[in-house]
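Atoms within each ligand, like the ligands themselves, are counted from 1 in listed order. Values below: every heavy atom of this structure, side chains too, minus hydrogens, waters and symmetry copies.
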Amino acid sequence: MFGVVPKPLWERRIPPDERNRIPLALRCLLVEHDAGLVLIDTGLGNKENDKFKDIYGVENAGAGGRTRLEDALAELGHRPEDVRWVIDTHLHFDHAGGNTWRDPAGSVAPTFPNATYVVQKGELEFARRTNERTAASYLSHNFDPISFRLIDGEADVVPGIRCLPTPGHVPYHQSVLVASGGERVCFLADLVPTAAHLPLPWIMGYDLEPLVTLESKRRLYGRAEAEGWLLLFEHDAATVAGRLGRDGKGFGLVEPLRAG
Ligand SMILES: [Zn+2]
């Protein structure tokens, strides 16, 4: 998760277990919008086998053979059928795995049958054309059963919800900016997966184009700082969100919102 950052530095921020794994969240964002419920990313789904779950230490089982995402929606009084829009930041299995689910009869279908699923056009093409380096992250049962609405570059999905291309992790990765009541929240996704990744050079080893990630972070931080955005971390198990601040010469987090 920390690429070229030496372990003695990152293990002070997030200590690993005996198998060198760190706790990570699969945090999706639900927006209750006038146009209907908008869900940003869908977590890991329920379709992978026991070996996969053991390797990653997956804890995502929910009621009725579904996942914690459906449980969380139910806590808010929503059913999967109520979701009107799904925005995928990209199609890696830990972001788009919950796009589809395996029903008790074993067939794979969209988890949110009434939703319009949105992704960058280039990302869908990239996911369908894998190579030896990218194949392990793109599992076709997460996107082949979906008929997507494709966007190309910066675009509004509904008023106040804007997709911002933030390439580097993958070439067509996007973050999502939500504006409401004078506040702006940015769902960073894998541009800055945890608060520990806020320093510009703390870039994941998974990133296909780390120098492109660096410039995407620099560009987004300029706007986030000028406009006081609340930054939301998809993979941080301890810190949900915060605002961009200065930590010596680099960037750090102020007003952190901790996971409850
Ligand atoms: Zn990813």
Just to be careful: counting only protein atoms that are N, O or S, how many fall under 2.8 Å of the Zn ion (ligand 1)?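 Considering protein N, O and S only, the Zn ion (ligand 1) has 4 within range.
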Could you check whether H235 and H197, counting side-chain N and O atoms only, form a donor-acceptor pair closer than 3.5 Å?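 Their side chains do not contain a donor-acceptor pair, so the 3.5 Å distance test is not met.
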Side-chain hydrophobic cluster, 4.5 Å single linkage: members besides V212: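 Members alongside V212: none; it stands by itself.
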Using ring-ring contact (aromatic ring centres under 6.0 Å, His included), reason through F93 and Y138 one step at a time and then give a plain yes or no. CA-CA 6 Å; F93 64 74; Y138 287 114; 9.5 Å; no
Could you list the residues that satisfy ring-ring contact (aromatic ring centres under 6.0 Å, His included) with Y206, not counting sequence neighbours?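 Not a single residue meets the ring-ring contact (aromatic ring centres under 6.0 Å, His included) criterion with Y206.
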Please output the side-chain donor-acceptor pairs of residues 38-45 that fall under 3.5 Å, not counting sequence neighbours, one pair per line with the distance.
| residue | atom | partner | partner atom | Å |
| --- | --- | --- | --- | --- |
| D41 | OD1 | T89 | N | 2.8 |
| D41 | OD1 | T89 | OG1 | 3.2 |
| D41 | OD2 | T89 | OG1 | 2.8 |
| D41 | OD2 | H95 | ND1 | 2.9 |
| T42 | OG1 | H95 | O | 3.2 |
| T42 | OG1 | G98 | N | 3.1 |
| T42 | OG1 | N99 | N | 2.9 |
| T42 | OG1 | N99 | OD1 | 3.0 |

Check whether any side-chain heavy atom of K47 lies under 4.5 Å from a side-chain heavy atom of V108, and answer yes or no.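 A side-chain contact exists here, since the closest heavy-atom pair is under 4.5 Å.
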